[in-house]
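Since the structure comes first, as structure tokens, the remarks are kept for the end.
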Amino acid sequence: MKLAEKIRRGDRPFVVAGPCSAESEEQVMSICSQIAQNPSVQLLRAGIWKPRTRPNSFEGLGEIALPWLVQAGKATNLPTTTEVANQKHVEAALKAGIDVLWLGARTTVNPFAVQEIADALRGVNIPVMIKNPVNPDLQLWIGAFERFEQAGLTDLTAIHRGFSVYKHPKYRNVPTWQIPIGLKEERPDLPIICDPSHITGRRSLLLEVSQKAMDLNFDGLMIETHPNPDEAWSDAAQQVTAHGLNEILSQLVLRSSEVSESVQGMLQELRSKISILDDRIFELMGARMEISEEVGQLKRENNITILQQDHWKQVIASRIENRGEHRLTQQFVRQLMDAIHQESIRHQTKVMNIEKGAS
Ligand code: PEP
Ligand code: MN
């Protein structure tokens with residue numbers, strides 16, 4: 001059976017786990033044999049070549065570490081997977097007997113690299129998992145699948161790992177759930193796994209994001225695990241022990257796919273969409289209040305009052321006049337604008353009343 005079919009049809013979630021990076025034979029064997037105790041874990045991961053942001057960080061041990069992962073797979077009777085970023089990696093991984101390959105986000109973003117890997121795999125029957133590109137470009141992600149399909153590879157799975165962002169207060173890579181949802185819409189045939197480790201960058205958020213992925217009907221999870229996460233050579237803050245992984249998996253609330261055929265499932269999908277929109281509304285409100293504070297700063301420097309009555313009257317009138325296109329009632333628009341205004345005044349007041357000379 002194709003891996004993609006197993007992921008799609010088996011019990012949810014299909015779990016891929018293992019260390020961010022292979023660090024030693026002992027480390028790989030120890031974490032893999034621990035996580036293999038959990039029947040949800042069905043594929044072992046370990047990074048052999050690591051695409052790091054800055055040079056002189058740990059860039060993976062390379063080929064020497066491949067047999068360690070293969071050995072761990074044999075010992076646990078589980079298939080293995082590693083990231084490949086060029087033809088040399090592909091050749092080495094195939095030669096060592098790795099069962100599944102994956103493309104990292106920094107590879108999917110580059111069509112030349114994707115094509116090179118697809119060409120290197122022409123005629124090879126191996127499952128490939130493709131992470132989303134670092135930027136939120138659905139077509140680029142879909143294009144990577146098409147390059148593999150054109151090279152004759154048909155056992156394909158998507159991995160959602162979030163999108164690069166500058167200094168986000170919560171996520172290492174923002175999930176922007178609309179993109180994987182868009183992929184599900186355009187390519188319903190592809191199974192999709194969520195990688196909460198790289199989305200969150202910290203272990204305390206893994207459960208929340210994993211639950212969200214399950215609620216959005218993702219097929220599986222890829223979670224980085226390490227015998228001693230704080231000592232990991234890469235991505236220490238986001239890795240968990242085998243025990244941590246068990247905790248997360250046992251706390252997940254799983255809605256069965258049978259239920260999703262009924263009204264209840266449809267309701268859940270709609271609510272998830274609403275929750276995504278609410279997330280966006282709150283994100284936008286936060287961004288709006290930051291600008292309000294800048295306005296407050298400018299008013300303070302120029303010694304003008306917070307409330308500019310005429311301006312505010314115009315803002316309300318124009319919102320009420322144009323509310324029709326959003327199908328909102330006049331009363332709702334008025335209440336919402338008043339609430340936003342109150343909150344904005346609160347932010348501006350805070351900025352206005354910083355004592356002169358206070359540090
Ligand atoms: C990884 O899985 O270790 C990795 C490097 O992921 P990404 O490509 O999502 O950054
Ligand atoms: Mn990692």
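Start at 1 and go down the list; that is how both ligands and their atoms are numbered.
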With heavy-atom distances below 4.0 Å as the criterion, list the atoms of ligand 1 near [X].
{"X": "Lys131", "value": "1 (C), 2 (O), 4 (C), 6 (O), 7 (P), 8 (O), 9 (O)"}
{"X": "Gly104", "value": "8 (O)"}
{"X": "Ala105", "value": "8 (O)"}
{"X": "Arg45", "value": "1 (C), 2 (O), 3 (O)"}

Find, among atoms of Asp235 that are N, O or S, the one nearest to the Mn ion (ligand 2), and state its name.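 The Mn ion (ligand 2) is closest to the Asp235 atom OD2, counting only N, O or S.
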Of all N/O/S atoms in Glu224, the name of the one nearest the Mn ion (ligand 2): OE2
What is the closest protein heavy atom to [atom], and at what distance does it sit?
{"atom": "atom 10 (O) of ligand 1", "answer": "Arg161 NH2, 2.8 Å"}
{"atom": "atom 3 (O) of ligand 1", "answer": "Lys50 NZ, 2.7 Å"}
{"atom": "atom 4 (C) of ligand 1", "answer": "His198 NE2, 3.5 Å"}

Salt-bridge criterion met for Lys50 and Asp235 (N-O under 4.0 Å):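 No.
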Is it true that Arg280 and Glu283 have a side-chain N and a carboxylate O under 4.0 angstrom from each other?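 Salt bridge flag = no for Glu283 with Arg280.
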Side chains of Ser164 and Asn135: does their closest heavy-atom pair fall under 4.5 Å?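 A side-chain contact is absent here, since even the closest heavy-atom pair is not under 4.5 Å.
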Beyond-backbone contact of Thr108 with Asn132, side-chain heavy atoms, under 4.5 angstrom: no
Any nitrogen or oxygen of Arg106, side chain or backbone, less than 3.5 Å from one on ligand 1? yes
Check: Glu83 N/O within less than 3.5 Å of ligand 1 N/O: no
What I want to check is whether the side chains of Asp338 and Gln342 have a donor and an acceptor closer together than 3.5 Å.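 Gln342 and Asp338 do not have a side-chain donor-acceptor pair below 3.5 Å.
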Any donor-acceptor pair under 3.5 Å linking the side-chain atoms of Arg271 with those of Ser275?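 Side-chain D/A pair, Ser275 to Arg271: absent.
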For Asp195, which of Arg161, Lys131, Arg172 qualifies under salt bridge (Lys or Arg N to Asp or Glu O under 4.0 Å)? Lys131
With heavy atoms under 4.0 Å as the rule, classify the contact between Glu224 and ligand 1 as side chain, backbone, both or neither. side chain
Looking at every non-hydrogen atom in both residues, tell me the closest pair between Val240 and Pro229 and how far apart they are.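 So the two residues come closest at C-CG, 3.6 Å.
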